[in-house]
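Everything below concerns the one structure shown next.
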Amino acid sequence: MSARKLFGTNGIRGLVNVELTPEMAIRVGLAIGTFFGKGKNLILGFDARTSGPLFAKAVTSGLISSGCNVYFAGLASTPALQFAVKNQSLDGGIIISASHNPPEYNGIKVIWSDGIETSHEQETEIENIYFDNDFVYAPWNQLGEKRELLNVNEQYKDAIKTHVDTQKITSKNFHVVVDAANSVGGIACPALLRELGCKVTTINANIDGTFPGRLPEPRPESLGVLSKTVQAIGADLGVAFDGDADRSIFCDGNGTIYWGDKTFAVVIKQYLLKNPGAKIVTPVSSSTLIKDTVDEGRGQLIWTKVGSVTVSQTMKAENANLGGEENGGVFFRSHQAVRDGAMTTALLLNIMAETDKSLTQLIAEQPQYFLEKGKIECFDNKKEALQQKIYEQVKTQNVSTIDGVKIWFNDGSAILIRPSGTEPVFRLYAEAKDPAKALKLVESYTEKLKEILSTL
Ligand code: MG
């Protein structure tokens with residue numbers, strides 16, 4: 001963490017008791033409480049991590065000291081806590097989670113009253129309070145209180161049901177396998193699916209902060225057990241969550257695991273059939289598949305910078321109802337404008353029920369793209385110049401500089417060249433309908449970048 005920086009892309013993250021300590025968490029709680037102001041009501045919950053209760057207590061101390069009331073929800077998914085902020089008209093919330101990071105990490109996310117994570121400007125305010133020791137302590141007789149908040153998971157689950165055709169889903173008797181990553185994905189979602197008439201088989205559903213089943217990040221290569229289980233029992237769908245269950249990755253009845261672009265495109269296609277001309281929000285890192293699907297459905301695509309908070313905020317600003325990220329985050333604003341694993345699962349089942357098609361069939365209808373990645377070393381102080389120079393070389397083409405430089409070619413292929421925010425590298429993501437073409441794109445742009453770098 002740099003001198004005056006606490007927050008990364010999604011909240012504060014760090015190695016437990018090394019980068020993120022209880023002393024620090026108390027001060028973060030004080031800074032957040034000072035930021036919201038005395039008397040404000042904030043929800044607080046955590047995922048399965050072993051250090052969750054520890055940091056919950058430390059942050060709670062800081063909040064109470066600043067005069068904020070803490071509504072303690074205990075174990076709950078990030079989307080369930082975000083929904084509760086909005087649903088219970090609270091002033092905000094704090095989520096103790098390191099999302100998809102390994103078990104030795106934890107983190108602190110701050111939620112604004114609209115249920116969306118705080119903006120970078122708001123985070124800077126909190127950082128300034130923290131680093132300047134600008135804490136406002138409440139007098140002894142105006143300390144905040146800790147209150148238990150029950151039914152968070154129950155209300156979240158019931159709200160999701162209002163956005164799908166429960167009768168139609170129930171009539172299909174779907175069999176779904178849920179891989180809960182030994183965390184909060186196993187709380188609301190299996191119950192929701194059972195209430196939707198599904199037969200549910202769970203794996204990694206016992207809460208265990210050591211994450212014995214698999215690492216919390218749902219990546220196709222780490223979901224072998226899910227894939228095999230779905231195949232072995234002949235289930236219709238498999239879903240795997242990350243540590244705080246906002247992201248969801250799916251597999252079809254054949255056990256094929258799909259990256260998030262493909263399932264998001266399934267959701268987009270059906271959504272545009274019902275909502276012609278609707279706006280769809282996605283980061284510029286998403287596959288051309290998303291663009292093709294939106295174009296074909298005559299929707300309006302809005303590209304954003306990479307990052308879930310940007311997607312949420314753009315959806316709000318543009319009054320868009322559907323957003324998504326390639327890593328398995330679908331945002332359905334009728335419910336809430338944030339990534340939501342259980343909501344996404346219900347949406348997919350709804351589409352399978354309405355179209356009477358399996359996920360295999362729905363994805364087979366899509367154009368297929370192949371992805372190739374590359375990277376090149378580049379010191380932080382040269383990143384800006386490199387990006388500018390490469391842009392100058394390609395600016396007459398179909399190009400976007402929303403985040404890095406993205407170029408779309410006439411044959412449907414595309415490349416995104418983007419400086420890493422955390423490492424001294426530039427990353428290249430190319431895709432094409434032909435895998436050799438994608439590889440060639442990565443190679444030729446790596447050469448171009450190297451040439452430019454040698455002149456800087
Ligand atoms: Mg997450």
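As the structure lists them, so they are numbered: ligands from 1, and atoms in each ligand from 1.
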With respect to N106, which candidate in I12, L15, L20 satisfies the side-chain contact (heavy atoms from CB on, under 4.5 Å) definition?
L20
Relative to each other, are the rings of F35 and W112 parallel, tilted or perpendicular (30° and 60° limits)?
tilted
Here the N/O/S atom of D242 closest to the Mg ion (ligand 1) would be OD2
Cation-pi check, K291 onto W303 ring (under 6.0 Å, within 45° of axis)
no
Within rounding of 10°, what is the angle whose vertex is the Mg ion (ligand 1) and whose arms end at OD1 of D244 and OD1 of D246?
90°
Calculate, to the nearest 0.5 Å, the distance between atoms OG1 and CG belonging to T282 and L289 respectively.
10.0 Å
With a cut-off of 2.8 Å, does any N, O or S atom of S99 fall short of it relative to the Mg ion (ligand 1)?
yes
